[in-house]
Amino acid sequence: MPLPPTPPSFGTNLPQIVTHICQKAILKHALEDYIEYMALPQRKHEGCIPVEKRRDNRFLVEFDHVSFKYPGSEVYVIRDLSLKFEIGEKMAIVGRNGSGKTTFIKLLCRLYDVTEGCIKVNGIDIRKYDYAEYCDLFAVVFQDFQVFAFPLGENVAAGSDVDRERAVDALERAGVGERYRTLTDGLGTSVGKEFEENGVTFSGGEKQKIAIARAIYKNAPFVIMDEPTAALDPESECEVYAGFDKMVGNKTAIYISHRLASCRFCGDILVFDRGAVVQRGRHEELERQEGLYRELWNAQAQYYI
């Protein structure tokens, strides 16, 4: 009678094998969540019209009686908003907290679809455009931006394929070039120490500049910055304002800010209040008019002297 096969001997590798099996089990649950998420139905209507390719990056945007309320809420954040503006210039959006400024941008970027009315770009409802192509029009830095524990170059390029020349240029234009030149590993420097002991911890202001560099690197026709100087000290804030033209070049820049000093760099200012545009014009014009802009300017004037 033949002897039964000898069971394999794991020896000293047994703890590693058990650890590996546990890791696989954890990964399996994570992938199940991912697969379930990816299988969710698309709520947004995705059109098929290609976005017009323009060498001059000029687009006509129209908000046609747009109203919006967030899902599950009955409160309108944007109310019957109608306005037009031609992309290709620098625009500032100002107003009190909760006035609809950031929501206005999220609707333009199609992070949300309007509740009523429509938004048109070059005369076409944006919901009819190919969604991926439409998103490529925008490079946005929101207040709640994220910088990841990846190499610096991948953070700027938002991917593993990094154009070194473009990435370094973006960092320079965003005002973090001097810091970059101190890094031994350059674009290969790991941001943070989560995965690399030799990683570099950046300050909040430096991370914000890296996020701005990411928007510059994308080279999209629209550059949108939502409170881009919120985490910067006064000196760095002045540097950003002074280098604003250099940062965005000849692209459209839409600039949301509570600090009205930024408005002096923009040729068109929209003043939001309770989901509507209550004033519009240049800084010099609005400063002389009775209204919310003058009120906000006077409240902050002591910081500009």
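The shown structure was predicted, so the numbers you read here are calculated from the model rather than taken from an experiment.
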Checklist entry - Aromatic rings F104 and F85: how do their planes relate, parallel, tilted or perpendicular, breaks at 30° and 60°? => result tilted

Checklist entry - Where does the angle between the aromatic ring planes of Y70 and F68 fall among parallel (under 30°), tilted (30 to 60°) and perpendicular (over 60°)? => result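 Perpendicular.
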
Quick check for you: to the nearest 0.5 Å, what is the distance between [X] atom [atom1] and [Y] atom [atom2]?
X: L187; Y: R164; atom1: CG; atom2: CZ; result: 6.0 Å
X: N97; Y: T102; atom1: CG; atom2: OG1; result: 9.0 Å
X: I269; Y: E287; atom1: CD1; atom2: CD; result: 10.0 Å
X: F222; Y: I105; atom1: CZ; atom2: CD1; result: 10.0 Å
X: I224; Y: L108; atom1: CD1; atom2: CG; result: 5.0 Å
X: I119; Y: E62; atom1: CD1; atom2: CD; result: 10.5 Å

Next on the checklist: Determine whether L171 and L152 satisfy the following criterion, side-chain contact (heavy atoms from CB on, under 4.5 Å), listing intermediate values before the conclusion.
Outcome noted: CA-CA 10 Å; L171 289 167; L152 177 61; 4.0 Å; yes

Looking only at atom types and distance, does a side-chain atom of [X] sit under 3.5 Å from a main-chain N or O of [Y], one as donor and one as acceptor?
X: K218; Y: F138; result: yes
X: N155; Y: F148; result: yes
X: Q279; Y: G291; result: no
X: R214; Y: I210; result: no
X: D226; Y: V141; result: no
X: K101; Y: R96; result: yes
X: D169; Y: E165; result: no
X: Y112; Y: P71; result: no
X: T115; Y: K69; result: yes

Is [X] linked to [Y] within one hydrophobic cluster, defined over Ile, Leu, Val, Met, Phe, Trp and Tyr using a side-chain heavy-atom separation of less than 4.5 Å?
X: V77; Y: I93; result: yes
X: I78; Y: Y76; result: no
X: V147; Y: V162; result: yes

Item to check | Check ion pair E172-R181 (N to O, under 4.0 angstrom) | outcome: yes

Flag side-chain contact, heavy atom, 4.5 Å: [X] against [Y]:
X: L81; Y: V277; value: yes
X: Y134; Y: V121; value: yes
X: V140; Y: L111; value: no
X: R179; Y: F202; value: yes
X: L292; Y: V94; value: no
X: S160; Y: E154; value: yes
X: Y180; Y: T189; value: no
X: D130; Y: P50; value: no

Please say whether more than 12 non-hydrogen atoms of neighbouring residues, nucleotides or ligands are located less than 6.0 Å from [atom1] in [X].
X: E196; atom1: CD; answer: no
X: E36; atom1: CD; answer: no
X: E194; atom1: CD; answer: yes
X: E290; atom1: CD; answer: no

Checklist outcome for this item: From the list D80, L83, L107, side-chain contact (heavy atoms from CB on, under 4.5 Å) with V66 holds only for L107

Please find the pair of heavy atoms, one from [X] and one from [Y], that lie closest to each other, and give the distance.
X: A139; Y: A215; value: CB-O, 3.3 Å
X: G188; Y: P151; value: O-CB, 4.0 Å
X: P221; Y: D136; value: CD-O, 4.1 Å
X: A149; Y: S190; value: O-OG, 4.5 Å
X: K120; Y: D125; value: CG-N, 4.2 Å

Item to check | Test log, rule side-chain contact (heavy atoms from CB on, under 4.5 Å), inputs S82 and H65 | outcome: CA-CA 5 Å; S82 292; H65 295 284; 3.5 Å; yes

Checklist entry - Looking at R280, R282, H283, which hits side chain to side chain donor-acceptor pair (under 3.5 Å) with D268? => result R280

Checklist entry - Please walk me through it: do V114 and R127 pass side-chain contact (heavy atoms from CB on, under 4.5 Å)? => result CA-CA 10 Å; V114 301; R127 291 170 289 194; 3.8 Å; yes

Checklist entry - Passes side-chain contact (heavy atoms from CB on, under 4.5 Å), Y255 versus K90? Steps please. => result CA-CA 8 Å; Y255 197 96; K90 295 174 179 60; over 6 Å; no

